[in-house]
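See below for the structure under consideration.
When reading the values below, keep in mind they use all heavy atoms of this one structure, side chains included, and skip hydrogens, waters and symmetry mates. Every number for a ligand or one of its atoms is a count from 1 in the order of the listing.
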Amino acid sequence: MPIEFGEKVRRIPVYPAAEGYGYEGPVAKMASNESPYPPLPGVIEAATKALSGINRYPDPTNAGLRKKLSDVTGVPAQRIAIGNGSCDILLAAGDALLEPGAELVYAWPSFSVYPHLAAASGARAIEVPLDDKHYHQLDKMAEEITAATRLVIVCNPNNPTSTALPLDEIEAFINKVPRHVAVILDEAYIEFNVMQDPDDSVQLLERHPNLILLRTFSKVYGLCGLRVGYALCGSESFRTAVDQVRQPFFCNAAAQAAALEALNHQDEVTRRVERNLAERTSLEDGLRALGIEPAESQANFVWFDLPETVAEADVLRGLSMTGVLVRSGEALGREGALRVTVGTEAENERFLEALAPLL
Ligand SMILES: *Cc1c(COP(=O)(O)O)cnc(C)c1O
């Protein structure tokens, strides 16, 4: 007899893993929006130093990292939550806020983890389609809020479409959300967004106690292999709730130390953002030369529809046969599209060269 699992195991979608990890030879990893740049020597040193103390549990309060984040952002430490990646905080938010009968609202296509929240809790997900330029339709999202709504998620810049909305439009939307409904603004790519400074959205927290800014060390800081993220919260109750529903030691010692040190290198963040912008621009130009118009990106990746004459699966297979890994649009909610992470100059050229004959 097979093991009998809970109903939610049938509901929870399986995270779509990128293909092609079996390729022999150097692979161009352009499927997961990672940083192509290796960690800074100081960051490796801080993580390595933390290893000498791993006979002890990590600090369950993440005190050092929260204090540092508080210094950098101006948000009081008691309103900063830490996670084993920001997905950890996202899933904990679902756990803390949702239950059968409750509803959550988000756009679609958006981050592939959001559907997990409803599936795991038994709440109802309302997915509001993006417009034809791949932007959130915030007015339509506001119309979907009911007495049952517990959580609204806005991903800005949006993964997988790379598009970002101006902050004043986001604040106008938050003004329409009742104060008892949590609003998560998922800002995993905020540092890459040239339309605003990461500090700008922090100002919103003072006016909106129901707002949570979800951020991560996985993208521009390049620490996704260690798993560490954080949330800047409009009120302390959100942090205590997500701490309450998780295991006590959710963020390991090496991750805490590396993240703390990474925050000392804001000049490197600026450099990476500039490099990404330059590389993304040439990637976009290369796509246009092939007759493809990508969505307007404010992130470290691009999103585009393939010509109708080619099948997405064939393009994906063709790319992976040359060792170029990108993400399938179908797996992310839109068939016939691709999401491609901006790599190094050499990787971007390799991708364009591999793509051209497949079109
Ligand atoms: C990458 C990403 C995250 C962060 O994931 P981590 O768990 O911090 O690695 C969160 N939200 C979005 C939209 C992302 O693309």
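- For the ligand labelled ligand 1, residue Tyr189 lies inside the 4.0 Å heavy-atom shell.
- Ring orientation note: the planes of Trp108 and Tyr106 are nearly perpendicular, at an angle over 60° on the 30°/60° scale.
- In this view, Asp200 and Leu167, Gln196, Asp197 satisfy the side chain to side chain contact (heavy atoms under 4.5 Å, CB included) rule, not counting sequence neighbours.
- The option from Ser32, Ser218, Pro160, Cys224 that lies nearest to atom 9 (O) of ligand 1, judged by heavy atoms, is Ser218.
- The Lys219 neighbourhood of ligand 1 comprises atoms 1 (C), 2 (C), 3 (C), 4 (C), 14 (C), 15 (O), with distances under 4.0 Å to a heavy atom of that residue.
- Distances between N or O atoms of Asn84 and those of ligand 1 include no value under 3.5 Å.
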Side-chain donor-acceptor distances from residues 172-180 under 3.5 Å, at least two apart:
residue, atom, partner, partner atom, Å
Asn175, ND2, Glu171, O, 3.3
Lys176, NZ, Asp139, OD1, 3.1
Arg179, NH2, Arg207, O, 2.9

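- Atoms of ligand 1 lying under 4.0 Å from any heavy atom of Gly85, numbered from 1 in the order shown and given with element: 6 (P), 7 (O), 8 (O).
- Near Arg227, with a cut-off below 4.0 Å to any heavy atom, the atoms of ligand 1 are 6 (P), 7 (O), 9 (O).
- Short contacts between ligand 1 and Ala188, defined as distances under 4.0 Å to a heavy atom of the residue, involve ligand atoms 2 (C), 3 (C), 10 (C), 11 (N), 12 (C), 14 (C).
- No heavy atom of Asn33 sits closer than 4.0 Å to any atom of ligand 1.
- Against a heavy-atom cut-off of under 4.0 Å, Cys155 is close to the following atoms of ligand 1: 13 (C).
- The distance from ligand 1 to the heavy atoms of Asn159 drops below 4.0 Å at these ligand atoms: 13 (C), 14 (C), 15 (O).
- Ionic pairing of Arg275 and Glu279 is not present here: no N-O contact between side-chain nitrogen and carboxylate oxygen is shorter than 4.0 angstrom.
- The aromatic rings of Tyr57 and Phe249 sit parallel to each other, their planes meeting at less than 30°, with 60° as the upper class boundary.
- To the nearest 0.5 Å, the span separating CG on Leu90 from CD1 on Ile153 amounts to 5.5 Å.
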